[in-house]
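Quick notes on the structure that follows.
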Amino acid sequence: MPVASDTEERTKDADATDEGLPINEVFYSLQGEGTLAGVPSVFVRTSGCNLRCWFCDSYHTSWEPTGAWRDVDSIVEEVQSHEQASHVVLTGGEPLIHEESVELLERLAAEGYHTTVETNGTIYRDAPIDLASISPKLASSTPTPNRDPKGDGEWEEKHEQNRIDMDAFSRMVDAYETQLKFVVTDETDLPEITDLLDRVRAATATAVADDDVLLMPEGMTREQLDGTRSEVAELAMEHGYRYTPRLHVDLWNDAPGT
Ligand SMILES: C[S@@+](CC[C@H](N)C(=O)[O-])C[C@H]1O[C@@H](n2cnc3c(N)ncnc32)[C@H](O)[C@@H]1O
Ligand SMILES: Nc1nc2[nH]cc(C(=O)O)c2c(=O)[nH]1
Ligand code: SF4
Ligand SMILES: [Mg+2]
(Lines give C-alpha, C1' and ligand atoms only; values in the text may rest on other atoms or scores of the structure.)
(Ligands and ions follow the chains in the order given, each with its own letter.)
Protein backbone atom coordinates (compact mmCIF):
# COMPACT_ATOMS: atom_id res chain seq x y z
CA MET A 1 0.00 0.00 0.00
CA PRO A 2 1.15 3.57 -0.47
CA VAL A 3 2.94 5.13 2.48
CA ALA A 4 2.90 8.85 3.26
CA SER A 5 6.20 10.34 2.21
CA ASP A 6 7.21 12.31 5.26
CA THR A 7 6.29 12.71 8.89
CA GLU A 8 4.01 15.66 8.31
CA GLU A 9 2.01 13.89 5.63
CA ARG A 10 2.04 10.70 7.60
CA THR A 11 0.17 12.14 10.53
CA LYS A 12 -2.61 12.98 8.09
CA ASP A 13 -2.59 9.50 6.61
CA ALA A 14 -5.75 7.68 7.62
CA ASP A 15 -3.92 4.36 7.22
CA ALA A 16 -1.21 5.30 9.69
CA THR A 17 -1.31 3.64 13.07
CA ASP A 18 0.50 4.61 16.24
CA GLU A 19 2.35 1.35 16.28
CA GLY A 20 4.79 -0.27 13.94
CA LEU A 21 6.69 0.87 10.91
CA PRO A 22 6.02 1.07 7.16
CA ILE A 23 8.37 -1.59 5.81
CA ASN A 24 9.39 -1.76 2.18
CA GLU A 25 11.62 -4.84 2.48
CA VAL A 26 13.67 -7.00 4.85
CA PHE A 27 16.54 -8.97 3.31
CA TYR A 28 19.84 -10.65 4.09
CA SER A 29 22.91 -9.54 2.16
CA LEU A 30 26.46 -8.24 2.57
CA GLN A 31 26.83 -4.66 3.71
CA GLY A 32 27.79 -3.07 0.40
CA GLU A 33 28.88 0.38 1.51
CA GLY A 34 31.18 2.01 4.01
CA THR A 35 33.58 0.81 6.69
CA LEU A 36 31.62 -2.41 7.25
CA ALA A 37 31.47 -3.38 3.56
CA GLY A 38 31.45 -7.16 3.23
CA VAL A 39 29.83 -7.89 6.61
CA PRO A 40 26.80 -10.24 6.42
CA SER A 41 23.85 -8.14 7.55
CA VAL A 42 20.08 -8.10 7.67
CA PHE A 43 18.65 -4.98 6.05
CA VAL A 44 15.40 -3.45 7.28
CA ARG A 45 14.18 -0.84 4.81
CA THR A 46 11.48 1.57 6.00
CA SER A 47 9.36 3.51 3.55
CA GLY A 48 8.96 7.29 3.34
CA CYS A 49 11.54 10.05 3.07
CA ASN A 50 11.70 13.78 3.77
CA LEU A 51 14.00 14.34 0.75
CA ARG A 52 13.86 13.47 -2.97
CA CYS A 53 17.32 12.88 -4.41
CA TRP A 54 16.99 12.62 -8.20
CA PHE A 55 19.31 9.58 -8.15
CA CYS A 56 17.62 7.73 -5.28
CA ASP A 57 18.23 4.01 -5.77
CA SER A 58 15.24 3.22 -3.51
CA TYR A 59 12.54 4.91 -5.58
CA HIS A 60 9.74 2.96 -3.87
CA THR A 61 10.63 4.42 -0.49
CA SER A 62 10.95 8.04 -1.60
CA TRP A 63 9.38 9.10 -4.90
CA GLU A 64 6.66 6.45 -4.66
CA PRO A 65 6.71 5.19 -1.10
CA THR A 66 5.24 1.73 -0.77
CA GLY A 67 5.30 -0.84 1.98
CA ALA A 68 3.27 -2.59 4.62
CA TRP A 69 2.79 -1.47 8.21
CA ARG A 70 4.43 -4.03 10.46
CA ASP A 71 4.77 -4.23 14.21
CA VAL A 72 8.21 -4.25 15.76
CA ASP A 73 7.82 -7.85 17.01
CA SER A 74 7.32 -9.22 13.51
CA ILE A 75 10.28 -7.26 12.16
CA VAL A 76 12.56 -8.55 14.94
CA GLU A 77 11.32 -12.10 14.31
CA GLU A 78 12.17 -11.85 10.62
CA VAL A 79 15.62 -10.45 11.45
CA GLN A 80 16.22 -13.38 13.81
CA SER A 81 15.24 -15.87 11.11
CA HIS A 82 18.55 -15.03 9.39
CA GLU A 83 20.53 -16.92 11.98
CA GLN A 84 23.98 -16.23 10.51
CA ALA A 85 23.71 -12.46 10.94
CA SER A 86 24.81 -10.43 13.95
CA HIS A 87 24.62 -7.07 12.14
CA VAL A 88 21.44 -5.20 11.24
CA VAL A 89 21.27 -2.22 8.90
CA LEU A 90 18.25 0.04 9.33
CA THR A 91 17.75 2.03 6.16
CA GLY A 92 15.03 3.48 3.98
CA GLY A 93 13.75 5.85 2.76
CA GLU A 94 14.75 7.88 5.73
CA PRO A 95 14.41 5.60 8.77
CA LEU A 96 14.67 8.44 11.29
CA ILE A 97 11.47 10.17 10.16
CA HIS A 98 9.74 7.34 12.08
CA GLU A 99 9.62 7.57 15.86
CA GLU A 100 9.09 3.79 16.00
CA SER A 101 12.58 3.25 14.58
CA VAL A 102 13.83 3.98 18.11
CA GLU A 103 11.83 1.09 19.53
CA LEU A 104 13.07 -1.23 16.81
CA LEU A 105 16.69 -0.24 17.52
CA GLU A 106 16.15 -0.77 21.26
CA ARG A 107 14.78 -4.25 20.63
CA LEU A 108 17.64 -5.14 18.29
CA ALA A 109 20.24 -3.86 20.75
CA ALA A 110 18.62 -5.89 23.55
CA GLU A 111 18.92 -8.98 21.33
CA GLY A 112 22.65 -8.28 20.95
CA TYR A 113 22.74 -7.05 17.35
CA HIS A 114 25.23 -4.50 16.05
CA THR A 115 23.11 -1.74 14.50
CA THR A 116 23.99 0.56 11.63
CA VAL A 117 21.56 3.31 10.65
CA GLU A 118 21.76 4.64 7.11
CA THR A 119 20.48 8.21 7.31
CA ASN A 120 20.57 11.49 5.42
CA GLY A 121 21.47 13.26 8.69
CA THR A 122 18.55 15.69 8.83
CA ILE A 123 16.75 14.16 11.83
CA TYR A 124 18.26 13.42 15.22
CA ARG A 125 16.91 10.63 17.44
CA ASP A 126 18.26 9.20 20.66
CA ALA A 127 18.62 5.44 20.10
CA PRO A 128 21.10 2.58 20.50
CA ILE A 129 22.95 3.10 17.22
CA ASP A 130 26.38 1.45 16.93
CA LEU A 131 27.25 3.16 13.65
CA ALA A 132 25.52 6.24 12.31
CA SER A 133 26.18 6.07 8.58
CA ILE A 134 25.35 9.62 7.57
CA SER A 135 25.05 10.51 3.91
CA PRO A 136 24.56 14.30 3.80
CA LYS A 137 22.99 15.35 0.56
CA LEU A 138 24.91 17.70 -1.73
CA ALA A 139 23.52 20.27 -4.18
CA SER A 140 24.10 17.75 -6.96
CA SER A 141 21.35 15.54 -5.46
CA THR A 142 18.62 18.16 -5.96
CA PRO A 143 15.78 17.15 -8.32
CA THR A 144 15.85 20.04 -10.77
CA PRO A 145 13.16 19.91 -13.50
CA ASN A 146 15.55 18.31 -16.02
CA ARG A 147 16.54 15.59 -13.52
CA ASP A 148 13.22 14.89 -11.78
CA PRO A 149 12.44 11.16 -12.18
CA LYS A 150 8.73 11.72 -11.63
CA GLY A 151 7.44 15.23 -12.25
CA ASP A 152 8.66 18.66 -13.25
CA GLY A 153 10.82 19.80 -10.37
CA GLU A 154 8.02 20.10 -7.78
CA TRP A 155 10.36 18.83 -5.06
CA GLU A 156 13.33 21.03 -6.00
CA GLU A 157 12.74 23.79 -3.44
CA LYS A 158 11.71 21.56 -0.54
CA HIS A 159 14.67 19.23 -1.11
CA GLU A 160 17.06 22.16 -1.37
CA GLN A 161 15.74 23.71 1.86
CA ASN A 162 15.81 20.49 3.88
CA ARG A 163 18.82 18.56 2.64
CA ILE A 164 21.18 19.91 5.32
CA ASP A 165 20.24 20.44 8.97
CA MET A 166 23.47 21.35 10.70
CA ASP A 167 21.95 20.99 14.20
CA ALA A 168 20.71 17.45 13.62
CA PHE A 169 23.88 16.54 11.71
CA SER A 170 26.27 17.75 14.41
CA ARG A 171 24.20 16.26 17.25
CA MET A 172 24.44 12.90 15.55
CA VAL A 173 28.20 13.24 15.10
CA ASP A 174 28.59 14.06 18.80
CA ALA A 175 26.31 11.24 19.95
CA TYR A 176 27.38 8.25 17.83
CA GLU A 177 30.27 6.58 16.15
CA THR A 178 29.89 8.05 12.70
CA GLN A 179 30.92 7.68 9.10
CA LEU A 180 30.18 10.45 6.60
CA LYS A 181 29.40 8.93 3.23
CA PHE A 182 29.05 11.42 0.41
CA VAL A 183 27.54 10.40 -2.93
CA VAL A 184 29.84 11.94 -5.53
CA THR A 185 28.74 12.62 -9.10
CA ASP A 186 31.92 14.41 -10.26
CA GLU A 187 34.72 16.72 -9.09
CA THR A 188 32.40 19.71 -8.73
CA ASP A 189 31.02 18.09 -5.53
CA LEU A 190 34.31 18.41 -3.65
CA PRO A 191 34.24 22.11 -2.63
CA GLU A 192 30.83 21.55 -1.01
CA ILE A 193 32.13 18.52 0.88
CA THR A 194 35.07 20.57 2.19
CA ASP A 195 32.71 23.35 3.24
CA LEU A 196 30.30 20.96 5.01
CA LEU A 197 33.23 19.38 6.86
CA ASP A 198 34.44 22.81 8.01
CA ARG A 199 30.96 23.60 9.29
CA VAL A 200 30.39 20.30 11.08
CA ARG A 201 33.88 20.41 12.63
CA ALA A 202 33.14 23.91 13.95
CA ALA A 203 29.83 22.72 15.43
CA THR A 204 30.95 19.50 17.15
CA ALA A 205 33.04 18.57 20.16
CA THR A 206 33.96 15.27 18.49
CA ALA A 207 36.92 15.24 16.13
CA VAL A 208 35.88 14.36 12.58
CA ALA A 209 38.93 12.80 10.93
CA ASP A 210 39.41 12.68 7.15
CA ASP A 211 39.42 8.94 7.74
CA ASP A 212 35.74 9.13 8.75
CA VAL A 213 34.89 10.70 5.38
CA LEU A 214 34.01 8.34 2.54
CA LEU A 215 33.42 9.20 -1.08
CA MET A 216 30.95 6.87 -2.79
CA PRO A 217 30.43 6.94 -6.57
CA GLU A 218 26.92 7.74 -7.76
CA GLY A 219 25.28 4.94 -9.69
CA MET A 220 22.63 2.30 -9.09
CA THR A 221 23.79 -0.07 -11.85
CA ARG A 222 27.21 -1.49 -12.80
CA GLU A 223 27.01 0.43 -16.04
CA GLN A 224 26.41 3.73 -14.25
CA LEU A 225 29.22 3.01 -11.78
CA ASP A 226 31.55 2.32 -14.72
CA GLY A 227 31.15 6.02 -15.46
CA THR A 228 31.89 7.31 -11.95
CA ARG A 229 34.00 4.93 -9.84
CA SER A 230 37.48 5.66 -11.27
CA GLU A 231 37.06 9.41 -11.03
CA VAL A 232 35.72 9.18 -7.47
CA ALA A 233 38.60 6.88 -6.44
CA GLU A 234 41.08 9.45 -7.81
CA LEU A 235 39.30 12.25 -5.96
CA ALA A 236 39.53 10.29 -2.69
CA MET A 237 43.28 9.90 -3.16
CA GLU A 238 43.75 13.52 -4.10
CA HIS A 239 41.90 14.82 -1.04
CA GLY A 240 42.94 12.19 1.53
CA TYR A 241 39.40 10.87 2.09
CA ARG A 242 38.38 7.23 1.90
CA TYR A 243 36.73 5.61 -1.09
CA THR A 244 33.86 3.21 -0.61
CA PRO A 245 32.75 0.83 -3.31
CA ARG A 246 29.14 -0.19 -3.80
CA LEU A 247 29.92 -3.85 -3.35
CA HIS A 248 26.31 -5.01 -3.74
CA VAL A 249 26.07 -3.30 -7.13
CA ASP A 250 29.39 -4.84 -8.23
CA LEU A 251 28.14 -8.28 -7.11
CA TRP A 252 24.45 -8.23 -7.99
CA ASN A 253 23.91 -5.12 -10.08
CA ASP A 254 20.48 -3.66 -9.25
CA ALA A 255 18.73 -6.96 -8.39
CA PRO A 256 15.95 -6.56 -5.81
CA GLY A 257 16.64 -7.65 -2.23
CA THR A 258 20.43 -7.21 -2.42
C1 LIG B 1 18.52 4.89 -0.23
S2 LIG B 1 19.50 5.68 0.98
C3 LIG B 1 18.55 5.43 2.48
C4 LIG B 1 19.13 6.10 3.70
C5 LIG B 1 19.05 7.62 3.75
N6 LIG B 1 17.84 8.12 3.24
C7 LIG B 1 20.24 8.23 3.05
O8 LIG B 1 20.07 8.80 1.97
O9 LIG B 1 21.34 8.14 3.60
C10 LIG B 1 20.86 4.53 1.28
C11 LIG B 1 22.21 4.95 0.75
O12 LIG B 1 22.21 4.90 -0.66
C13 LIG B 1 22.86 6.06 -1.16
N14 LIG B 1 22.39 6.24 -2.53
C15 LIG B 1 21.12 6.39 -2.96
N16 LIG B 1 21.06 6.46 -4.30
C17 LIG B 1 22.34 6.33 -4.74
C18 LIG B 1 22.94 6.33 -6.03
N19 LIG B 1 22.23 6.48 -7.16
N20 LIG B 1 24.28 6.18 -6.10
C21 LIG B 1 25.03 6.04 -4.97
N22 LIG B 1 24.51 6.03 -3.74
C23 LIG B 1 23.18 6.18 -3.62
C24 LIG B 1 22.47 7.12 -0.16
O25 LIG B 1 23.28 8.26 -0.22
C26 LIG B 1 22.64 6.36 1.15
O27 LIG B 1 23.99 6.36 1.53
N1 LIG C 1 23.98 -4.76 0.13
C2 LIG C 1 23.53 -3.53 0.41
N3 LIG C 1 24.28 -2.72 1.19
C4 LIG C 1 23.75 -1.50 1.50
N5 LIG C 1 24.30 -0.57 2.31
C6 LIG C 1 23.43 0.46 2.42
C7 LIG C 1 22.30 0.18 1.67
C8 LIG C 1 21.11 1.03 1.68
O9 LIG C 1 20.30 0.96 0.78
O10 LIG C 1 20.99 1.78 2.65
C11 LIG C 1 22.50 -1.07 1.07
C12 LIG C 1 21.75 -1.93 0.20
O13 LIG C 1 20.69 -1.62 -0.32
N14 LIG C 1 22.31 -3.15 -0.07
S1 SF4 D 1 17.60 10.87 1.28
FE2 SF4 D 1 18.05 8.68 0.91
S3 SF4 D 1 16.04 7.67 0.63
FE4 SF4 D 1 15.70 9.90 0.57
S5 SF4 D 1 15.64 10.34 -1.59
FE6 SF4 D 1 17.77 10.67 -0.91
S7 SF4 D 1 18.83 8.70 -1.19
FE8 SF4 D 1 16.63 8.30 -1.38
MG1 LIG E 1 20.75 0.59 -1.26
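Note that these values count all heavy atoms, side chains included, but never hydrogens, waters or copies made by symmetry. Ligands are counted one by one from 1 in listed order, and the atoms in each one are counted from 1 as well.
Ligand 2 has an N or O atom lying under 3.5 Å from an N or O atom of Leu30, backbone or side chain. Considering backbone and side-chain atoms alike, Gly32 places an N or O below 3.5 Å from some N or O of ligand 2. Here's the thing with Arg45: one of its N/O atoms is less than 3.5 angstrom from an N/O atom of ligand 2.
Note on Arg229 versus Asp250: salt bridge recorded, some NZ/NE/NH1/NH2 to OD/OE distance being below 4.0 Å. Ion pairing between Arg70 and Glu78 holds under the 4.0 Å rule for side-chain N and carboxylate O. A salt bridge is defined here as a Lys NZ or Arg NE, NH1 or NH2 lying under 4.0 Å from an Asp or Glu carboxylate O, and Arg163 with Glu192 meets this definition. In this structure, Lys181 pairs ionically with Glu118, as a charged nitrogen and a carboxylate oxygen lie closer than 4.0 Å. Residues Arg107 and Asp73 are paired through a salt bridge, judged by an N-O separation under 4.0 Å between the basic side chain and the carboxylate. Ion pairing between a basic and an acidic side chain is recognised when a charged N comes within 4.0 Å of a carboxylate O; Arg246 and Asp57 show such pairing.
Close contacts of ligand 3 with Asn120, meaning ligand atoms under 4.0 Å from a residue heavy atom, involve 1 (S). Atoms of ligand 2 lying under 4.0 Å from any heavy atom of Thr258, numbered from 1 in the order shown and given with element: 1 (N), 2 (C), 14 (N). For ligand 2, the atoms lying closer than 4.0 Å to a non-hydrogen atom of Thr91 are 8 (C), 9 (O), 10 (O). In the vicinity of Cys49, heavy-atom distances shorter than 4.0 Å reach the ligand 3 atoms 1 (S), 3 (S), 4 (Fe). Taking every non-hydrogen atom of Cys56 and a distance limit under 4.0 Å, the qualifying atoms of ligand 3 come out as 3 (S), 5 (S), 7 (S), 8 (Fe). Near Ser29, with a cut-off below 4.0 Å to any heavy atom, the atoms of ligand 2 are 1 (N). Those atoms of ligand 3 that come under 4.0 Å of a heavy atom in Gly93, given as number and element, are 3 (S).
In the candidate list Lys137, Glu118, His159, Arg45, Lys137 is nearest to atom 2 (Fe) of ligand 3, counting heavy atoms. Distances from atom 4 (C) of ligand 2 to the heavy atoms of Met216, Arg246, Gln31, Glu25 show the closest one on Gln31.
Gly38 approaches Leu247 most closely through the heavy-atom pair N-CD2, 3.6 Å. Minimum interatomic distance between Ser135 and Val183 (heavy atoms only, all atoms of both residues): OG-CG2, 4.1 Å.
With hydrogens left out, the protein atom closest to atom 7 (C) of ligand 2 is Glu33 OE2, 3.9 Å, a heavy atom. The nearest heavy-atom contact from the protein to atom 11 (C) of ligand 2 is Phe43 CE2, 3.6 Å.
Counting only distance, with no hydrogens or angles, the side chain of Asp148 and the backbone of Pro145 share no donor-acceptor pair below 3.5 Å.
Contact of the His87 side chain with the Tyr113 side chain is not registered, since no non-hydrogen atoms from C-beta on lie closer than 4.5 Å.
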Is there a side chain to side chain donor-acceptor pair (under 3.5 Å) between Arg125 and Ser101? Walk through the geometry before answering. CA-CA 9 Å; Arg125 291 197 189 268; Ser101 286; over 6 Å; no
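Residue Ser58 places no heavy atom under 4.0 Å from ligand 2. Residue contacts with ligand 3: Ser58 is excluded, as none of its non-hydrogen atoms falls under 4.0 Å.
Residue-level proximity to ligand 3 for Cys53 is carried by backbone and side chain together, each with a heavy atom below 4.0 angstrom.
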